[in-house]
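Written below as structure tokens is the structure these notes are about.
In what follows, every heavy atom counts, from backbone to side chain, and hydrogens, waters and symmetry copies are set aside.
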Amino acid sequence: MITHVVMMKFKPEVTAEAIDELEALLDRLPDRIDEIESYDFGRDVIRSERSYDFALVSVFANLDTLKHYQAHPEHQVVVKKLGGMCAHIAAVDYENAPYRQASQGDSDPWKSRNLFQRS
């Protein structure tokens, strides 16, 4: 599994309405791109000086499915919109560690590797 993380810093003139439109575009992608295993995104709530404004975390079966997602026409619409909205974008793609099954009696949900799984 490959986790794809993107953090965005918006230009000062970006409006809340433009971010709403971005969220609507992003919300449609899992229904239109079968390769997406899980998908989560949202606006920063802390708003510290070092914070980015928006983040996206998605999971793919392998690098080939991630590449298909990146080239998909629906994703390209989002990329184009972000090009006009963002002063800076940072991304990381990493291979997930093997899943560690929680032991009997271990009820800590943070030990699950499935926190963002799409239902």
* For E23 and F41, work out which heavy atoms get closest and say how close. => O-CZ, 3.6 Å
* **Any F10 side-chain heavy atom under 4.5 Å of T15 side chain** => no
* Taking the side chain as every heavy atom from C-beta outward, state whether Y39 and L56 have any pair of such atoms under 4.5 Å apart. => yes
* What is the distance from atom NE2 of H68 to atom CG of L63, rounded to the nearest 0.5 Å? -> 14.5 Å
Side-chain donor/acceptor pairs under 3.5 Å, residues 76-89, sequence neighbours excluded:
unit_1, atom_1, unit_2, atom_2, d
Q76, NE2, Q70, O, 2.5
K81, NZ, E21, OE1, 3.1
H88, NE2, Y52, OH, 3.4

* To do: Step by step, work out the salt bridge (charged side-chain N to carboxylate O under 4.0 Å, His left out) result for D20 and R43.
  => CA-CA 10 Å; D20 291 343; R43 300 176 196 204; 2.4 Å; yes
* Structure fact -> Here the gap from D53 atom CG to K11 atom NZ, rounded to the nearest 0.5 Å, amounts to 13.0 Å
* Asked: Would you say the side chain of E37 lies within less than 4.5 Å of the side chain of M1, judging by non-hydrogen atoms?
  -> yes
* Asked: Where the side chain of N96 meets the backbone of T3, is there a donor-acceptor pair that is under 3.5 Å apart?
  -> yes
* From R50 CZ over to K9 NZ, what is the distance, rounded to the nearest 0.5 angstrom? -> 10.5 Å
* Decide yes or no for L29 and I36: does some side-chain heavy atom of the first lie under 4.5 Å from some side-chain heavy atom of the second? => yes
* Of all the heavy-atom pairs spanning E95 and I2, show the shortest one and how long it is. => CA-CD1, 4.0 Å
* D44 (side chain) donor-acceptor with S51 (main chain) under 3.5 angstrom -> no
* Once you round to the nearest 0.5 Å, how far does CG of D31 lie from CD of E74? -> 10.5 Å
* Structure fact -> Taking every heavy atom of V5 against every heavy atom of Y94, the minimum-distance pair comes out as CG2-CE2, 4.1 Å
* For residues H4 and F60, report the shortest heavy-atom separation together with the two atoms involved. => CB-CE1, 3.9 Å
* To do: Treating Ile, Leu, Val, Met, Phe, Trp and Tyr as nodes and any side-chain heavy-atom pair under 4.5 angstrom as an edge, say whether L25 and V14 lie in one connected cluster.
  => yes
